[in-house]
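The structure appears below as structure tokens.
Just follow the structure's listing: the first ligand is 1, and inside any ligand the first atom is 1.
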Amino acid sequence: MPTAARPISDVLLTEAQLRRRVSALGAAIAADYAGLDPLLVGVLRGVIVFMADLMRAIPIPFTVDFLAISSYGAQSQPGQVRLLKDLESNIEGRHVLFVEDMVDTGLTLHTLLRLLNERRPASLHVCTLFDKPRLRLVKLPLRYVGFELPDRYVVGYGLDYRQLYRNLPFVGALSAQVLLPNGGGTENDAT
Ligand code: IMP
């Protein structure tokens, strides 16, 4: 448990900025998917705060489902994931919108999109709230992007550090006292 008195060194995105951007994303998705009965797919746990707000910003009928994955830890190949919970929906022939909290190297998302594409959805697009394009290692089609972020580790609005800080209503950078040198590299909830 971090003991630093001030765990957040600076706020990158305020609650109001997040609210405005999520509303705009929801409106764009509603316009593009009207009449298509889309399925929103999220990866637990990082996406839950964004998904909850995004859902309420999309005023058309849709359904939602979740995957849970774990990374294999520091010794594994980047992007290698273990499926802890599969979707409950059959996505064949469905218009699937993959909702992500953060795309960084893109390797996790690349693996998951390949998995979903094998199930032959009618369409498969990505909406990510946060994008760190400077760290990208694979080319990925991102249809909706909330914010581009610099290469800094951020927490809040669902994003964690060692499972903490997901409940912050804003997005902030962690102070140096909190960030440990090894970053917590054992087998872990990947998102
Ligand atoms: P990648 O795109 O495969 O490198 O990994 C993306 C995942 O790494 C995201 O879904 C997050 O779970 C995690 N991640 C990347 N950057 C951050 C960050 O700044 N804060 C919290 N989690 C992050």
Of all the atoms in ligand 1, which lie at a distance below 4.0 Å from a heavy atom belonging to V154?
18 (C), 19 (O), 20 (N), 21 (C)

Counting from 1 in the order shown, the ligand 1 atoms closer than 4.0 Å to a non-hydrogen atom of T108 are 1 (P), 3 (O), 5 (O)

Between I69 and K85, does a side-chain contact (heavy atoms from CB on, under 4.5 Å) hold up when you go through it step by step?
CA-CA 7 Å; I69 58 172; K85 180 203 171 299; over 6 Å; no

Answer yes or no for G106: is there a heavy-atom contact with ligand 1 below 4.0 Å?
yes

Within-shell test, R136 vs ligand 1, heavy atom, strictly < 4.0 Å
no

Scan for salt bridge (charged side-chain N to carboxylate O under 4.0 Å, His left out) pairs involving residues 117-126, sequence neighbours excluded, and state none if there are none.
D86-R119, E92-R120

Of the backbone atoms (N, CA, C, O) and the side-chain heavy atoms from C-beta on, which set of D101 has a member under 4.0 Å from an atom of ligand 1: side chain, backbone, both, or neither?
side chain

Look at the side chain of R6 and the backbone N and O of S175, then say whether any donor-acceptor pair between them is shorter than 3.5 Å.
no

Any residue meeting ring pair (Phe, Tyr, Trp, His ring centres under 6.0 Å) with F147, in chain and number order, not counting sequence neighbours:
none

Will you find, in the side chains of Q17 and R20, an N or O donor that is under 3.5 Å from an N or O acceptor?
no

D65 side chain to L87 backbone, donor-acceptor under 3.5 Å
no

The atoms of ligand 1 lying under 4.0 Å from a heavy atom of D160, numbered in the order shown, are 21 (C)

Contact region, R152 to ligand 1, non-hydrogen atoms below 4.0 Å, reads backbone

